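Please read the structure below before turning to the comments.
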Amino acid sequence: GCGRMTSANAIHVRRRTPADLETCGAILRRVHELDRYPVEGVTDTDTWLNPPTLTKAWVATLDHQVVGHALLTSPTQGDDAARLWHEQTDTPLAAITVLGRLFVDPLARGHAAGSHLLREVLQYATAHGLTAVLDVMEKDEAAIRLYERAGWRPIGEARHTFGANQSVRAL
């Protein structure tokens, strides 16, 4: 080809299926190696990608290959973002959803997969009358830029604690 973008280069977002988990796990290991996300690393990717509070999960594909992932969970008492939003707005926890596990393959960045995933997840939340919240590690500057471009704004700070008393600041 001569470098023109064709529909073959378009990102598509669809619901995640069990068949996607292996690929998502491999991508997650590459992301952790490059970006230290998640900071604590993931030994069992299938479990990490299926939290007990899972609502729905999506993947982004490029040329029919999975290149990104995002999910929504229902909030627990431990979700700082949900707690802060609840305290600031009186929104009941049942009307809040938590965006998480959003990552894009380092080998496929620059195609706006993150933005496409974000848009799809937010459309789902809005259609179900849910307010989406998230937390993001302060060190994850590319992720913060993605959320800011999409219109997200900080509502507070928290500390993400992991491992042997390690912690990082989160927004």
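Computed from a predicted structure; not experimentally measured.
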List the atom of A10, the atom of L62, and the distance in Å for their closest heavy-atom pair.
O-CD1, 3.9 Å

Are Y124 and T55 close enough, and set up right, to give a side chain to side chain contact (heavy atoms under 4.5 Å, CB included), and what steps lead you there?
CA-CA 11 Å; Y124 175 90; T55 305; 3.9 Å; yes

Give, for atom CG of D135 and atom CG of D80, the distance between the pair rounded to the nearest 0.5 Å.
6.5 Å

Test of understanding: clusters of I, L, V, M, F, W, Y form through side-chain heavy atoms closer than 4.5 Å, transitively. Do L28 and L117 belong to the same one?
no

Taking R16 for the side chain and L49 for the main chain, is one N or O donor matched with an acceptor at less than 3.5 Å?
yes

Using a strict cut-off of less than 4.0 Å between a Lys/Arg side-chain nitrogen and an Asp/Glu carboxylate oxygen, indicate whether E87 and R83 qualify as a salt bridge.
yes

Minimum heavy-atom separation for H32 and V39, please, with both atom names.
CE1-O, 3.7 Å

Passes side chain to side chain contact (heavy atoms under 4.5 Å, CB included), L54 versus L71? Steps please.
CA-CA 7 Å; L54 180 65; L71 56 70; 3.7 Å; yes

Decide whether V98 and L130 are clustered together by the hydrophobic rule: side chain heavy atoms of Ile, Leu, Val, Met, Phe, Trp, Tyr closer than 4.5 Å, transitively.
no

Please check if V13 and L134 belong to a single hydrophobic cluster, counting links between Ile, Leu, Val, Met, Phe, Trp and Tyr side chain heavy atoms closer than 4.5 Å.
yes

Contact between H64 and V66 at the side-chain level, heavy atoms closer than 4.5 Å - yes or no?
no

Quick one: pull up NE2 in H128 and CG in L72 and give me the separation to the nearest 0.5 Å.
10.0 Å

With a sphere of 6.0 Å drawn around CD of E141, does it hold more than 12 non-hydrogen atoms of other residues, nucleotides or ligands?
no

Which of L171, L118, D140 passes side-chain contact (heavy atoms from CB on, under 4.5 Å) with Y147? Answer is L118

Let's go through D90 and W85 carefully: what are the C-alpha distance in whole Å and the side-chain angles of both, what is the deciding distance for side chain to side chain contact (heavy atoms under 4.5 Å, CB included) to 0.1 Å, and is it a yes or a no?
CA-CA 8 Å; D90 281 333; W85 189 248; over 6 Å; no

With heavy-atom distances below 4.5 Å as the criterion, would you say the side chains of I27 and H69 are in contact?
no

Given side chains that start at C-beta, do those of T53 and T76 come closer than 4.5 Å, heavy atoms only?
yes

Quick one: does Q88's side chain have a donor or acceptor within less than 3.5 Å of a partner on I155's backbone?
yes

So, for L93 and P75, which heavy atoms are closest and what is the spacing to 0.1 Å?
O-CG, 3.4 Å

Hey, are the side chains of W58 and R15 touching, using non-hydrogen atoms and a 4.5 Å cut-off?
yes

Answer yes or no: is there an ion pair linking D20 with R14, defined by an N-O contact shorter than 4.0 Å?
yes

Set out, in order, the CA-CA distance, both residues' side-chain angles and the distance that settles side chain to side chain contact (heavy atoms under 4.5 Å, CB included) for S115 and L146, then state yes or no.
CA-CA 7 Å; S115 298; L146 168 73; 3.3 Å; yes

Side-chain touch H111/V67, heavy atoms, less than 4.5 angstrom:
no

Looking only at heavy atoms, the pair that brings R30 and L107 closest together is NE-CD1, 3.6 Å

Which atom pair, heavy atoms only, marks the closest approach of K139 to R36?
NZ-O, 3.1 Å

Hey, what's the ring geometry for F103 with Y37, parallel, tilted or perpendicular (30° and 60° as the breaks)?
tilted

Do V104 and R109 come close enough that some side-chain heavy atom pair is under 4.5 Å?
yes

Quick check for you: to the nearest 0.5 Å, what is the distance between Q65 atom CD and T61 atom OG1?
9.0 Å

Rounded to the nearest 0.5 Å, what separates atom CG in D79 from atom CD1 in I96?
9.5 Å

Take a 6.0 Å sphere around CD of E138 and say whether it holds more than 12 heavy atoms from other residues, nucleotides or ligands.
yes

Taking C-beta and beyond as the side chain, do E157 and R169 meet within less than 4.5 Å on heavy atoms?
yes

With no hydrogens and no angle check, is any side-chain donor or acceptor of T97 less than 3.5 Å from a backbone partner on T73?
yes

What are the two closest heavy atoms between A70 and L102, and how far apart are they?
CB-CD1, 3.7 Å

Are any of the side-chain heavy atoms of D44 and D46 separated by less than 4.5 Å?
yes

Quick check against the 3.5 Å criterion: does H86 have a side-chain atom that pairs as donor or acceptor with the backbone of A82?
no

